[in-house]
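It should be emphasised that the depicted structure is a prediction, and the values quoted were computed from it without experimental measurement. Hydrogens, waters and symmetry mates are skipped; everything else that's a heavy atom, side chains included, is used.
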Amino acid sequence: MHGSHSDEVRQIVVDDATADDLDAVAEIYAHYVQHTVATFDYVVPTLEQWHAKHAAITAAGRPFVVARAVDESGTEQTVGYAYLGTFRGMPAYDRSTEDSIYVRPGFGGRGVGSALMAGMLDRANPENVRQIVAVIAATGGDGSIALHSRFGFTEAGRLRSIGHKTDQWIDCVYMQKDIWESRDR
């Protein structure tokens, strides 16, 4: 076990995120803004901004999910979230999305990321999603790259020294999944 999480995780449950989940989502993401290069955000989004993002994603018919860990005593804790957001703002990109997956610190390596990815992909509607793009900071991004690879994402390219955070230049790896590939045409 890692850190202060002494109770064994008995089960990971993935559900559609509701407004009640956004406090935990905001808390998880704040850690990554403040302490990592996993996101290029410098400023922690407000809870109001999370509510607006959740509303926009769900209104677009796209998945926004949370993972809850249930410990031996039956206590639930939100341990991660994932969603399909906008890839680019221009209309021709409307069926292309960018995924975001974040796991609460201390819960890595327990299947949370895989559960989130599976839950998000299961909810992706091929009527309004064709391509999913992952933009992954190469520095510290090995786990995310491996996760995306396991779910059929392939590397589409690398942008060198594209982001600057914590006094370093960071590459981004672009990965892509075509969810129509396995569909009958």
To the nearest 0.5 Å, atom CE of M120 lies from atom CD1 of I132 at 5.5 Å
R10 side-chain N/O to D71 backbone N/O, donor-acceptor pair under 3.5 Å:
yes
Sorted by chain and residue number, the side-chain hydrogen bond (donor to acceptor under 3.5 Å, both in side chains) partners of D15 (sequence neighbours excluded) come out as R68
Applying salt bridge (charged side-chain N to carboxylate O under 4.0 Å, His left out) to D23 and not counting sequence neighbours gives none
Between K177 (side chain only) and H148 (backbone N and O only), is there a donor and an acceptor less than 3.5 Å apart?
no
Test item: Y83 side-chain N/O and I101 main-chain N/O as donor-acceptor pair under 3.5 Å: no
### Task
Answer yes or no: is there a donor N or O on one side and an acceptor on the other, between the side chain of T39 and the main chain of D41, under 3.5 Å?
yes
Notebook entry, point to check: Looking only at atom types and distance, does a side-chain atom of T58 sit under 3.5 Å from a main-chain N or O of H54, one as donor and one as acceptor?
Noted result: yes
For residues 11-31, the ring-ring contact (aromatic ring centres under 6.0 Å, His included) pairs (sequence neighbours left out) are Y29-W50, Y29-Y102, H31-H35
Apart from Y42 itself, members of its ILVMFWY cluster (side-chain separation under 4.5 Å) are V43
- Message: Can a donor-acceptor pair be found, under 3.5 Å and without considering hydrogens, that links the side chain of T97 to the backbone of Q131?
- Response: yes
message: Set out, in order, the CA-CA distance, both residues' side-chain angles and the distance that settles side chain to side chain contact (heavy atoms under 4.5 Å, CB included) for I136 and C172, then state yes or no.
response: CA-CA 5 Å; I136 303 167; C172 276; over 6 Å; no
So the ring-ring contact (aromatic ring centres under 6.0 Å, His included) pairs with at least one residue in residues 111-139 (sequence neighbours excluded) are none
* To do: Would you indicate whether the side-chain heavy atoms of L121 and F151 approach each other to under 4.5 Å?
  => yes
Hits for side chain to side chain contact (heavy atoms under 4.5 Å, CB included) against E155, two or more places apart or cross-chain, chain-then-number order -> R158, V173
Could R104 and F107 be counted as a cation-pi pair, given that NZ or CZ must be under 6.0 Å from the ring centre and within 45° of the axis? no
ask   = Under 3.5 Å, side chain of D16 to main-chain N/O of V65, donor-acceptor pair present?
value = no
